[in-house]
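Written below as structure tokens is the structure these notes are about.
Whatever order the structure lists ligands and atoms in, that order sets their numbers, starting from 1. The basis for the numbers below is simple: all heavy atoms, side chains too, and nothing from hydrogens, waters or symmetry mates.
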Amino acid sequence: MSAQGKGTFPLFDEQRSADIVNARIGADVDPRTRQIAQTVVKHLHAAVKEIEPTHEEWLAAIRFLTDTGRMCTDWRQEFILLSDVLGVSMLVDAINHRRPGAATENTILGPFFVEGVPLSASGANICLDGKGEPLVVQAEVVDIEGHPVQGAVVDVWQTNEDGFYDVQQKGVQPDGNLRGKFQSDAQGRFWFRTVKPREYPIPDDGPVGKLLAKLGRHPNRAAHIHFIIQAPGYETVITHVFAPDCPYLGEDAVFGVKESLVGRFEKIEDPTRARSFAVSSPFWLTAPSFVLQRNNEKRPAKS
Ligand code: BEZ
Ligand code: FE
């Protein structure tokens with residue numbers, strides 16, 4: 001038999017392993033699929049050559065991925081969580097949302113967004129369980145030139161004082177606790193009452209949690225409020241406002257913190273002002289400005 005074997009492809013060889021595998025890709029495969037497959041095989045083989053795993057180690061890796069898949073349900077996506085803690089979710093987002101400096105930056109969506117939340121009037125109190133320190137959010141939505149964007153629809157969600165989203169504690173928290181949807185007015189403004197967000201752990205009762213523990217990493221996210229801002233003609237922004245005094249800002253479990261997203265929170269000890277917002281005193285106040293770029297705005301090049 002020739003060194004080529006029976007077929008037209010080279011036989012396996014340690015040195016040229018990635019090229020040998022990639023040579024099997026069909027001639028008619030579409031170019032993007034070919035590029036992705038070739039790149040993944042190239043880097044996977046390079047990693048295996050660098051690591052030189054034992055059979056036991058390779059089996060442990062297969063078992064980890066199997067467990068990760070088994071953990072997935074309609075409500076739990078352990079592979080996305082894995083991508084989150086490895087910084088890949090943030091990287092994919094960064095590649096796809098290069099924006100001019102003035103525009104509000106994106107960050108991670110996370111698994112706890114709920115579609116179809118009804119619109120609330122500006123000023124609504126989204127905290128339905130009465131726990132936590134009152135926070136007033138006075139927000140504006142503007143374009144890159146600073147003009148107000150009227151009619152932007154803004155989804156808002158956060159954990160409660162115990163560090164859980166309502167959907168993680170059905171029957172414990174009121175449905176819709178700490179979730180809202182608002183619309184910006186002619187000045188681009190809307191406001192709502194909530195509670196100061198606090199740090200909380202990402203779901204860590206599965207293989208990803210075990211991985212974090214094995215790597216000496218904690219599962220905590222820096223305290224934040226989620227926002228999605230959508231307006232016709234503008235690029236949708238999926239972002240957070242982070243509490244500036246959170247000890248986990250520098251070590252968020254999913255790498256979601258960006259300098260520009262750390263809010264300014266003012267503690268106000270003035271009963272008259274508290275009454276004007278219908279909150280108890282003292283309370284916190286933050287005034288985020290969300291800057292949208294038009295759909296056709298020029299994108300900065302890869303840095
Ligand atoms: C969140 O912020 O809700 C979140 C993000 C990534 C993983 C888990 C939770
Ligand atoms: Fe979150």
Side-chain angles (χ1 to χ4, degrees), residues 68 71-94 96-97 104-115 117 126-127 129 131-132 135 137 139 154-170 172-173 175-181 192 194-213 215 217-229 236-258 260-263 265 286 288 290:
T68 300
M71 194 78 196
C72 293
T73 64
D74 285 352
W75 311 109
R76 175 80 177 254
Q77 229 306 347
E78 197 74 357
F79 277 112
I80 296 183
L81 206 58
L82 180 59
S83 149
D84 294 345
V85 303
L86 295 179
V88 177
S89 302
M90 284 299 290
L91 180 59
V92 171
D93 193 72
N96 285 280
H97 297 104
T104 297
E105 295 188 275
N106 258 33
T107 188
I108 203 152
L109 173 65
F112 300 117
F113 170 60
V114 172
E115 293 212 48
V117 168
I126 63 168
C127 176
D129 66 3
K131 296 180 183 176
L135 169 70
V137 180
V154 184
D155 274 280
V156 176
W157 69 105
Q158 68 179 84
T159 59
N160 76 347
E161 185 63 8
D162 302 324
F164 293 102
Y165 288 91
D166 60 341
V167 289
Q168 293 177 286
Q169 288 195 313
K170 285 191 183 290
V172 176
Q173 290 187 41
D175 285 347
N177 191 29
L178 293 157
R179 256 173 224 286
K181 194 189 288 248
F192 61 96
T194 182
V195 287
K196 189 165 181 271
R198 41 166 311 164
E199 67 272 20
Y200 67 89
I202 61 169
D204 65 346
D205 55 343
V208 170
K210 283 194 194 131
L211 175 71
L212 289 179
L215 296 177
R217 285 176 53 182
H218 65 72
N220 296 318
R221 288 227 57 205
H224 60 273
I225 305 175
H226 291 258
F227 290 87
I228 297 180
I229 305 107
T236 294
V237 171
I238 298 175
T239 196
H240 296 358
V241 170
F242 288 93
D245 55 356
C246 178
Y248 291 104
L249 279 180
E251 45 182 282
D252 184 50
V254 296
F255 305 93
V257 179
K258 292 178 176 176
S260 69
L261 305 182
V262 179
F265 282 45
T286 189
F290 299 109

Exam field: side chain Arg198 to backbone Gly163, donor-acceptor pair closer than 3.5 Å: no
With the Fe ion (ligand 2) as the apex, the NE2/OH angle for His226 and Tyr200 - to 10°: 170°
Short N/O/S contact of Thr159 with the Fe ion (ligand 2) (below 2.8 Å): no
Element-labelled atoms of ligand 1 that are located less than 4.0 Å from some non-hydrogen atom of His226: 1 (C), 2 (O), 3 (O)
Per-atom contacts, ligand 1 versus Phe112 - under 4.0 Å to a heavy atom: 3 (O), 9 (C)
Shortest protein heavy-atom distance from atom 9 (C) of ligand 1, along with the residue and atom involved: Pro111 CD, 3.3 Å
Smallest separation among heavy atoms of Phe265 and Pro197, with atom names: CE2-CD, 3.9 Å
Protein heavy-atom partner closest to atom 6 (C) of ligand 1 - residue, atom, separation in Å: Asp84 OD2, 3.3 Å
Validation row: Phe290, Val237 side chains within 4.5 angstrom (heavy atoms): no
Interatomic distance, Asn177 atom CG to Phe164 atom CZ [nearest 0.5 angstrom]: 13.5 Å
Numbered atoms of ligand 1 (with element) below 4.0 Å of Ile202, judged on heavy atoms: 7 (C), 8 (C), 9 (C)
Derivation and outcome, side chain to side chain contact (heavy atoms under 4.5 Å, CB included), residues His224 and Val257: CA-CA 9 Å; His224 60 273; Val257 179; over 6 Å; no
Close approach, Tyr200 and ligand 1, non-hydrogen under 4.0 angstrom: yes
Proximal ligand 1 atoms for Leu81, defined as those under 4.0 Å from one of its heavy atoms: 7 (C), 8 (C)
Under 3.5 Å: N/O of Arg221 near N/O of ligand 1: yes
For the Fe ion (ligand 2), the closest N/O/S atom belonging to His224: NE2
Backbone N/O of Ser89 and side chain of Asp84: donor-acceptor pair under 3.5 Å: no
Atoms in ligand 1 flagged as close to His224, the criterion being non-hydrogen separation under 4.0 Å: 2 (O)
Partner of Asn106 by side-chain hydrogen bond (donor to acceptor under 3.5 Å, both in side chains), out of Asp93, Thr236, Thr239, Asn96: Asp93
Under-4.0 Å heavy-atom contact with ligand 1, by part of Leu109 that carries it: neither
OG1-CD1 distance between Thr159 and Ile225, expressed to the nearest 0.5 angstrom: 9.5 Å
Minimum-distance protein heavy atom relative to atom 5 (C) of ligand 1: Gly110 CA, 3.4 Å
Gln168 side chain vs Phe112 backbone, donor-acceptor pair below 3.5 Å: no
